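Report on one structure; see the data block that follows.
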Amino acid sequence: QVQLVESGGGLVQAGGSLRLSCAASGRTSSITSMGWFRQAPGKERAFVAAIGWNGGSTRYADSVKGRFTISRDNGKNTVSLQMNNLKPEDTAVYFCAVVLNRAGKYDYWGQGTQVTVSS
């Protein structure tokens, strides 16, 4: 089992930047990838970005390409999301999640952190 705790959410103006972090604890030796998702009011939870834990390969949703950067620190068991040029459409609760043992799905989720982008 892995526990995930997000931090770094807040209120920013359009065009601003914010950096989210997620710390993992528990059975971290089994982590194969970590990702970020977001859920806006009235909408389904959507994929944002993911990173392979060992190889470091990354994947991004089209809506955030060129603006967001995902990174990880294996030694600290953390994953971060640097968000630049934020837009009001980015307003959502952001969740980090983890894939264990190459399961092919995200089985463990953090509690979420609110990001609000004002016009």
Side-chain angles (χ1 to χ4, degrees):
Q1 185 172 320
V2 172
Q3 295 78 46
L4 304 171
V5 179
E6 301 99 333
S7 62
L11 174 64
V12 298
Q13 293 186 333
S17 298
L18 204 62
R19 185 173 185 269
L20 306 182
S21 295
C22 176
S25 61
R27 198 162 60 90
T28 57
S29 62
S30 297
I31 295 175
T32 57
S33 67
M34 294 186 69
W36 288 95
F37 295 74
R38 65 187 182 186
Q39 187 169 24
K43 295 186 177 181
E44 187 176 352
R45 186 175 298 183
F47 171 79
V48 176
I51 187 167
W53 204 242
N54 293 322
S57 60
T58 59
R59 181 166 64 94
Y60 298 91
D62 289 340
S63 59
V64 306
K65 286 181 179 178
R67 299 189 298 121
F68 291 10
T69 302
I70 188 171
S71 61
R72 93 276 196 222
D73 187 327
N74 303 69
K76 296 181 179 179
N77 295 317
T78 59
V79 62
S80 298
L81 186 69
Q82 178 65 46
M83 305 184 293
N84 297 326
N85 191 25
L86 284 162
K87 305 175 180 180
E89 306 91 270
D90 296 318
T91 295
V93 176
Y94 284 69
F95 301 86
C96 69
V98 63
V99 176
L100 301 182
N101 299 315
R102 301 182 182 274
K105 60 181 180 180
Y106 294 93
D107 286 328
Y108 296 93
W109 299 79
Q111 81 289 342
T113 185
Q114 177 70 48
V115 172
T116 303
V117 184
S118 62
S119 300

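Remember, predicted model here, so these are calculated numbers, not experimental data. For the numbers below, each heavy atom of this structure counts, side chains included, while hydrogens, waters and symmetry mates do not.
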| task | Over all heavy atoms of both residues, which pair between Ala92 and Arg38 is shortest? Give the atoms and the distance, please. | result | CB-CB, 3.8 Å

| Please walk me through it: do Trp53 and Arg72 pass side-chain contact (heavy atoms from CB on, under 4.5 Å)? | CA-CA 7 Å; Trp53 204 242; Arg72 93 276 196 222; 3.5 Å; yes

| Heavy-atom closest contact (Val2 atom, Tyr108 atom, distance) | O-CD2, 3.6 Å

| query | If you measure from CZ on Arg67 to CE on Met83, what distance do you get to the nearest 0.5 Å? | reply | 9.5 Å

| message | Run Gln82 and Arg19 through side-chain contact (heavy atoms from CB on, under 4.5 Å) and show every step you take. | response | CA-CA 4 Å; Gln82 178 65 46; Arg19 185 173 185 269; 3.4 Å; yes

| query | Looking only at heavy atoms, what is the nearest atom pair of Ala49 and Leu81, with distance? | reply | CB-CD1, 4.2 Å

| message | I need the Asn74 CG to Asn54 CG distance, nearest 0.5 Å. | response | 6.5 Å

| said: If hydrophobic clusters are built from ILVMFWY residues whose side chains come within less than 4.5 Å, do Tyr106 and Ile51 share one? | reply: no

| request: Ignoring hydrogens and angles, tell me if any N or O in the side chain of Thr78 forms a donor-acceptor pair with the backbone of Ala23 under 3.5 Å. | output: no

| query | About how many Å separate CH2 of Trp109 and CZ of Arg45, when rounded to the nearest 0.5 Å? | reply | 5.0 Å

| message | For the OG1 atom of Thr28 and the CG atom of Leu100, what is their distance to the nearest 0.5 Å? | response | 9.5 Å

| field | Heavy-atom pair of closest approach, residues Cys22 and Leu4 | value | SG-CB, 3.9 Å

| What is the distance from atom OG of Ser119 to atom NZ of Lys87, rounded to the nearest 0.5 Å? | 12.5 Å

| said: Tell me whether Lys65 is salt-bridged to Asp62, with the criterion being a basic N under 4.0 Å from an acidic carboxylate O. | reply: yes

| query | Is there a chain of hydrophobic side chains (I, L, V, M, F, W, Y, each step under 4.5 Å between heavy atoms) that links Val93 to Ile70? | reply | no

| query | Leu20 and Val12: same hydrophobic cluster, using ILVMFWY side-chain contacts below 4.5 Å? | reply | yes

| message | Using 30° and 60° as the class boundaries, would you call the ring planes of Phe37 and Phe47 parallel, tilted or perpendicular? | response | perpendicular

| query | Looking at CG of Leu11 and OG1 of Thr116, how far apart are the two atoms once the value is rounded to the nearest 0.5 Å? | reply | 6.0 Å

| field | Co-membership, hydrophobic cluster, residues Ile31 and Phe95, 4.5 Å side-chain | value | no

| request: Measure from the side-chain N and O atoms of Asp73 to the backbone N and O of Gly75, and report whether any donor-acceptor pair falls under 3.5 Å. | output: yes

| task | Give the minimum heavy-atom separation between Met34 and Val79, together with the two atoms involved. | result | CE-CG1, 3.5 Å

| remark: Val99 and Gly104 have their tightest heavy-atom pair at CG1-N, 3.8 Å

